[in-house]
Amino acid sequence: MKDTYKTIASPSDEVLFKEKNSKFFGYAFPIYTEEEVKKHLDILRKKHFGAVHFCYAFQLGTDILQFRANDDGEPSNTAGMPIYGQIQSFDITNVLVVVVRFFGGVKLGVGGLISAYRTAAQMALEASEIIEKTIDIHYVVSFDYKNINKVMRVIKEKKLTLVSQNMENSCVIEIATRKKNAEMIFDIFKIMFEIEIKLKK
């Protein structure tokens with residue numbers, strides 16, 4: 001079972017590709033939600049006031065992939081899809097790539113646009129540190145305080161990540177484990193007396 005994926009560690013440095021007086025600024029950002037896309041675009045629109053096109057593509061998810069490609073006024077499929085093609089060729093997810101274009105007065109034609117957007121996206125991803133992460137499953141475990149030692153022993157022995165804990169009246173903790181171990185971890189807690197485990201929604 002595949003339980004790892006590749007993404008970028010942090011936002012890339014700005015890269016610049018020039019073609020017939022047009023400037024193409026490329027950026028790559030790690031993202032986890034679609035809402036983050038708008039935030040990054042808003043920041044870039046302020047930074048590059050006067051740019052004509054803010055074309056982008058993103059991919060989210062590991063099991064079920066969600067993606068979008070946006071040409072932002074360029075001829076259909078000349079910007080967003082070439083950018084998305086680079087995300088695919090680098091085999092990464094949870095990533096947004098934006099290419100900002102300043103028009104230089106000379107039309108590039110369909111082939112020229114595809115090539116320029118693809119190159120700027122490739123440069124942005126080459127400027128990024130690509131890392132491998134594990135796909136983690138999160139569980140919520142509920143129990144009375146008297147059972148805390150039992151629960152903590154399993155967490156320690158199985159090297160689980162303790163994401164959060166609430167120890168007020170009864171104890172509720174969130175744990176994370178690699179996908180390939182998830183079923184085993186669930187079964188361990190499931191058979192324990194007075195301890196409830198459920199998948200975090």
Side-chain angles (χ1 to χ4, degrees), residues 1-15 17 24-44 54-72 77 79-100 114 117-141 154-165 173-190 197-201:
M1 180 193 289
K2 188 175 186 295
D3 73 344
T4 58
Y5 66 95
K6 288 195 294 185
T7 189
I8 61 174
S10 56
S12 69
D13 292 333
E14 176 182 284
V15 297
F17 176 70
F24 296 84
F25 290 93
Y27 301 87
F29 303 96
I31 57 167
Y32 293 96
T33 64
E34 205 172 325
E35 288 70 51
E36 291 172 76
V37 174
K38 186 179 180 305
K39 284 182 196 162
H40 288 303
L41 287 169
D42 287 346
I43 291 165
L44 289 175
F54 293 80
C55 305
Y56 66 88
F58 69 81
Q59 180 157 285
L60 286 167
T62 49
D63 291 340
I64 300 163
L65 294 176
Q66 175 194 355
F67 76 92
R68 181 168 299 158
N70 188 315
D71 295 314
D72 193 32
N77 294 329
M81 284 314 284
I83 295 170
Y84 182 60
Q86 288 305 304
I87 292 175
Q88 288 178 302
S89 75
F90 278 79
D91 189 26
I92 52 178
T93 191
N94 293 346
V95 68
L96 163 69
V97 178
V98 184
V99 177
V100 180
I114 290 170
Y117 279 104
R118 184 175 58 222
T119 303
Q122 180 185 346
M123 287 166 64
L125 290 172
E126 283 172 350
S128 306
E129 183 194 350
I130 293 175
I131 55 170
E132 191 168 76
K133 287 189 162 187
T134 58
I135 300 170
D136 294 335
I137 303 291
H138 289 241
Y139 290 120
V140 176
V141 183
V154 175
I155 289 171
K156 195 174 172 198
E157 280 173 9
K158 300 297 176 190
K159 297 183 172 63
L160 305 179
T161 304
L162 191 54
V163 181
S164 66
Q165 52 187 13
I173 62 170
E174 183 186 336
I175 55 170
T177 181
R178 283 183 69 155
K179 185 178 173 182
K180 67 179 181 185
N181 300 328
E183 210 170 299
M184 172 191 73
I185 298 302
F186 184 85
D187 290 344
I188 288 171
F189 283 112
K190 193 75 186 162
I197 180 169
K198 58 177 192 272
L199 194 61
K200 189 186 182 206
K201 291 281 192 289

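No experiment lies behind these values; they were computed from the predicted model shown.
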Let me see the working for E126 and V15 under side-chain contact (heavy atoms from CB on, under 4.5 Å), right down to the final yes or no.
CA-CA 10 Å; E126 283 172 350; V15 297; over 6 Å; no
Between N94 and P30 (side chain of the first, backbone of the second, donor and acceptor by atom type, cut-off under 3.5 Å), is there such a pair?
no
Sidechain-backbone polar pair: D71 side chain, A79 backbone, donor-acceptor under 3.5 Å
yes
Could you walk me through whether F189 and Y139 pass the ring-ring contact (aromatic ring centres under 6.0 Å, His included) check?
CA-CA 10 Å; F189 283 112; Y139 290 120; 8.2 Å; no
All heavy atoms of H40 vs all of L96, minimum pair found to be CB-CD2, 3.8 Å
Can you find a side-chain donor-acceptor pair between T33 and E36 that sits under 3.5 Å?
yes
If you round to the nearest 0.5 Å, how far is NZ of K198 from NZ of K190?
10.5 Å
Spacing of CD1 belonging to I8 relative to NZ belonging to K133, to within rounding of 0.5 Å
10.5 Å
How close do L199 and H138 get, heavy atom to heavy atom, and via which atoms?
CD1-O, 3.6 Å
Heavy atoms of T4 and R178 approach each other most closely as CG2-NH2, 3.6 Å
Taking the side chain as every heavy atom from C-beta outward, state whether K179 and D63 have any atom pair closer than 4.5 Å.
yes
Minimum heavy-atom distance A182-I137, with the two atoms named
CB-CG1, 3.7 Å
How close do I114 and N77 get, heavy atom to heavy atom, and via which atoms?
CG1-O, 4.1 Å
I need the I175 CD1 to D136 CG distance, nearest 0.5 Å.
11.0 Å
Full working for side-chain contact (heavy atoms from CB on, under 4.5 Å) between T177 and K158:
CA-CA 9 Å; T177 181; K158 300 297 176 190; over 6 Å; no
Spacing of OG1 belonging to T134 relative to NZ belonging to K180, to within rounding of 0.5 Å:
9.5 Å
Where do A28 and S128 come nearest, in terms of heavy atoms and distance?
CB-OG, 3.7 Å
Near Q88 CD, under 6.0 Å, is it more than 12 heavy atoms from other residues, nucleotides or ligands?
yes
Sorted by chain and number, sequence neighbours left out, ring pair (Phe, Tyr, Trp, His ring centres under 6.0 Å) with Y56 holds for none
Close side-chain approach of I43 and F29, heavy atoms under 4.5 Å
no
Passing option when K6 is tested against I130, T93, V95 for side-chain contact (heavy atoms from CB on, under 4.5 Å)
I130
Nearest-0.5 Å distance, CD1 of residue I185 to CD1 of residue I188:
4.5 Å
Decide yes or no on side-chain contact (heavy atoms from CB on, under 4.5 Å) for F186 and E183, but give the supporting numbers first.
CA-CA 5 Å; F186 184 85; E183 210 170 299; 5.7 Å; no
Any donor-acceptor pair under 3.5 Å from N70 side chain to G80 backbone:
no
Give the intermediate values and the outcome of side-chain contact (heavy atoms from CB on, under 4.5 Å) for residues V100 and Y27.
CA-CA 8 Å; V100 180; Y27 301 87; 4.1 Å; yes
To the closest 0.5 Å, what do you measure between OH (Y84) and CZ (F58)?
10.0 Å
Quick one: sort the Y117 and F24 rings into parallel, tilted or perpendicular, breaks at 30° and 60°.
perpendicular
